[in-house]
2 protein chains.
Amino acid sequence: MSEAEPAAVSLSHRVPDLGALELLIAVARLGSLGRAARARGISQPAASSRIRSMERQLGVALVERSPRGSRLTDAGALVTDWARRVVEAAEAFDAGAQALRGRRDSRLRVAASMTIAEYLLPGWLIALRAQWPGTAVSLHAGNSRVVAERLLGGEADLGFVEGLDVPSGLDGAVIGHDRLVVVAAPSHPWSRRRTELTAAELAKTPLILRERGSGTRQVLDAALGGHGGLAEPLLELASTTAVKAAVVSEAAPSVLSELAVGEELTARRLVEIPVRGLRLGRDLRAVWPTGQRPVGPARDLLGLTRGG
Amino acid sequence: MSEAEPAAVSLSHRVPDLGALELLIAVARLGSLGRAARARGISQPAASSRIRSMERQLGVALVERSPRGSRLTDAGALVTDWARRVVEAAEAFDAGAQALRGRRDSRLRVAASMTIAEYLLPGWLIALRAQWPGTAVSLHAGNSRVVAERLLGGEADLGFVEGLDVPSGLDGAVIGHDRLVVVAAPSHPWSRRRTELTAAELAKTPLILRERGSGTRQVLDAALGGHGGLAEPLLELASTTAVKAAVVSEAAPSVLSELAVGEELTARRLVEIPVRGLRLGRDLRAVWPTGQRPVGPARDLLGLTRGG
DNA sequence: CCTGCACATAACCCCAGCTTATGCCCTCAT
DNA sequence: ATGAGGGCATAAGCTGGGGTTATGTGCAGG
């Protein structure tokens with residue numbers, strides 16, 4: 001079959017939906033379709049048919065059925081592992097989305113910078129829910145100024161900002177660190193350099209970057225100002241994901257937040273290129289109105305982020 | 001773990017399905033519901049209604065509609081970022097599943113250890129597809145012995161194994177490194193130690209571990225053999241995901257593959273605890289039958305994994 | 001041998017999501 | 001000013017995937 005490449009049918013037609021993946025994970029854990037069905041609140045035939053159609057869709061036998069129960073096949077174990085990662089991402093999505101809904105009765109109102117809201121908050125919220133179930137959290141994302149306004153206006157109980165200083169009127173505690181890193185594909189010449197890159201070299205190399213106006217772009221512009229300024233980008237893209245994909249395939253480097261490329265670095269899909277004498281770090285801070293140390297749920301969340 | 005599954009209606013009821021997430025991402029990129037609809041091969045009303053029902057489901061306005069097009073709201077931008085991560089996980093799932101299907105006409109037949117198949121291969125396959133589209137890959141997962149058998153039996157073109165030595169009859173190249181790391185929740189006392197942990201201390205501490213027989217468990221057992229052997233685990237769980245969750249909440253440490261906890265470490269949901277004088281590293285190797293250097297698609301894939 | 005458990009099959013129902021057809025609104029060029 | 005066009009919404013109707021209940025089959029163990 002000659003799978004025409006442009007309209008390469010969407011993922012949703014080739015990947016089972018979340019319900020099916022959750023069911024598969026339940027089967028893995030419980031060792032029987034029937035028990036998994038009960039755990040997920042559906043009938044046994046529904047589970048049976050769901051798993052079967054998943055096997056048909058993937059073209060792989062996932063579970064070995066027997067009159068004593070069901071075990072995963074080798075392929076099934078692998079598929080289940082991959083499924084868990086999809087479900088984890090979905091859980092993060094859910095945690096974030098629930099917070100965005102911003103119900104009035106939230107016990108904890110958080111205001112956070114975009115980077116923190118995007119990469120870190122969902123994980124914190126999941127941990128918070130695990131540890132103190134029933135804590136309704138609402139989230140508002142915005143830049144440092146907005147975060148400060150909401151805290152001082154009593155519209156938020158706890159804030160998170162990245163940057164060099166704490167907005168006036170607020171107290172804060174450093175809870176982590178973000179750092180822009182120069183990354184390239186493993187096949188790029190820079191990945192094999194023995195000598196460190198210099199800031200000047202970096203400045204004069206056309207990079208793949210997010211479009212002007214993005215936070216990381218601004219930081220980078222400022223940091224390289226003293227080294228002749230940033231060269232004209234080779235490519236400007238709208239999303240970080242697009243940039244990462246382009247770095248892998250276009251064989252040009254980029255500069256991205258460590259938080260955005262952590263996974264790619266550990267999997268060596270991307271390689272970090274050290275740059276001599278360039279400091280592109282930013283502290284991540286929790287902040288609150290001066291004098292008003294967080295209490296209750298705010299204190300709980302703060303604890304999760306820094307090991308309280 | 002008693003896991004009392006509090007009927008918290010499944011994720012699939014709270015998270016839009018993949019089709020909807022892909023559509024949202026298309027809207028973000030193209031700036032109009034109609035264009036996004038066309039890009040995804042559905043009609044404009046379908047897209048309109050899909051987005052609308054997603055907004056209803058999440059309880060958040062995602063796009064700002066105007067007679068000139070549609071832009072994301074602030075919340076929409078955040079949701080889209082989270083959606084991208086779900087879709088990325090789904091892409092990895094898809095890439096892996098397609099390879100598992102193991103079509104006979106595959107141009108590249110890979111045999112890999114479980115750890116590599118689980119964490120690294122999907123990413124490589126995505127990159128491979130991006131760079132050389134149309135390379136059909138088939139995957140078989142098994143331990144080192146199985147990988148060697150398949151290579152020597154001509155049933156696989158390229159293998160990947162982890163471990164200290166190269167199986168006899170095979171040549172290999174180191175393509176990466178895996179390392180078991182001791183991890184604890186940020187709130188755990190070990191996270192604030194000023195002095196390094198000793199292997200003996202680690203050995204006598206009850207840990208949260210995967211069940212006996214798992215690969216990482218075996219390596220750990222062996223490494224601590226000289227330090228009095230491993231203490232009785234505090235908890236034995238079936239999946240790595242379950243272990244990670246327990247470490248965060250149960251406040252006991254664990255030892256896991258760096259590949260499994262990379263993301264948690266960069267997000268500081270978990271903290272790595274250095275241990276004095278304990279080497280828990282394993283090389284990751286690509287392998288092939290002695291003398292038969294990989295050519296064609298196998299060489300392409302090999303290049304991706306090590307920067308050829 | 002019968003009971004219990006686990007999975008499969010069958011018949012039916014419902015609704016999410018798709019399509020086509022059409023209408024409204026705004027902008028821009030004639 | 002006006003008509004054309006792009007963009008979103010509404011309406012009506014179809015389809016299929018996923019759900020349910022009821023029932024059948026196969027194997028282990030008291």
Side-chain angles (χ1 to χ4, degrees), chain A residues 7 9-73 76 83 87 90, chain B residues 7 9-73 76 83 87 90:
Chain A
V9 178
S10 71
L11 268 186
S12 38
H13 292 68
R14 288 179 320 213
V15 177
D17 66 45
L18 283 173
L21 299 182
E22 289 187 279
L23 177 62
L24 177 64
I25 292 167
V27 171
R29 185 160 47 93
L30 300 172
S32 128
L33 294 190
R35 271 194 291 278
R38 244 169 292 135
R40 304 230 44 81
I42 63 176
S43 68
Q44 172 265 316
S48 180
S49 117
R50 203 94 198 265
I51 295 283
R52 186 168 293 285
S53 72
M54 186 157 50
E55 289 178 313
R56 205 155 14 86
Q57 179 181 22
L58 300 180
V60 177
L62 300 175
V63 309
E64 207 171 328
R65 282 148 257 244
S66 89
R68 313 265 308 122
S70 294
R71 289 218 101 50
L72 294 183
T73 62
V87 170
Chain B
V9 178
S10 70
L11 268 186
S12 37
H13 292 71
R14 288 180 318 212
V15 177
D17 66 45
L18 283 173
L21 299 182
E22 289 187 277
L23 177 62
L24 177 63
I25 292 168
V27 172
R29 184 160 45 92
L30 300 172
S32 126
L33 295 190
R35 270 195 292 277
R38 243 169 292 136
R40 303 229 45 80
I42 62 177
S43 67
Q44 172 265 318
S48 179
S49 116
R50 203 94 197 266
I51 295 284
R52 186 168 294 284
S53 72
M54 186 155 54
E55 289 179 312
R56 209 156 10 88
Q57 179 181 21
L58 300 180
V60 177
L62 300 175
V63 309
E64 207 170 328
R65 283 148 257 243
S66 88
R68 312 265 309 122
S70 293
R71 290 219 98 55
L72 294 182
T73 60
V87 170

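Each chain gets a letter, A, B and so on, in the order the sequences are listed, and its residues count up from 1. Source: prediction; values computed, not measured.
- Closest contact between the side chain of A:P45 and the listed nucleotides C:dT19, C:dT9, D:dG19 involves C:dT9.
- The nearest whole Å value for the distance from the CD atom in B:Q57 to the P atom in C:dC15 is 17 Å.
- Using a 4.5 Å heavy-atom threshold, the side chains of A:V27 and A:L33 count as touching.
- For D:dG19, the OP1/OP2 oxygens have no side-chain nitrogen or oxygen of A:S43 closer than 4.0 Å.
- The CD-P distance, from A:Q44 to C:dA10, rounds to 14 Å in whole Å.
- Side-chain atoms of B:T73 come within 3.5 Å of backbone N or O of B:L62 as a donor-acceptor pair.
- Here the closest non-hydrogen pair linking B:L72 and B:A28 is CD1-CB, 3.4 Å.
- Between A:R52 atom CZ and C:dA10 atom C1' the separation is 14 Å, expressed in whole Å.
- Remark on DNA chain C: of its neighbouring residues A:R65 and B:D17, the 5'-side contact belongs to A:R65, judged by nearest-heavy-atom nucleotide.
- One atom, NE2 of A:H13, and another, P of D:dG17, lie 10 Å apart when rounded to the nearest Å.
- Between B:V63 and B:E55, some side-chain heavy-atom pair lies under the 4.5 Å cut-off.
- Backbone-only engagement by A:S32 is indicated by non-hydrogen atom pairs under 4.0 Å involving sugar-phosphate atoms exclusively.
- Taking atom CG on A:L30 and atom C1' on C:dA6, their separation rounds to 14 Å, with Å as the unit.
- Heavy atoms of A:S49 sit nowhere under 4.0 angstrom from any nucleic acid atom.
- As a whole-Å value, the separation of A:R35 CZ from C:dC7 C1' is 13 Å.
- B:R38 places its CZ atom 13 Å from the P atom of C:dT19, with the value rounded to the nearest Å.
- By the 6.0 Å contact criterion, CD on B:Q57 is enclosed, its count of non-hydrogen atoms from other residues, nucleotides or ligands being greater than 12.
- A:I42 has its CD1 atom 12 Å from the P atom of C:dC7, to the nearest Å.
- Between C:dC26, D:dA9, D:dG18, one nucleotide has an atom nearer to the side chain of B:S48 than all others, and that is D:dA9.
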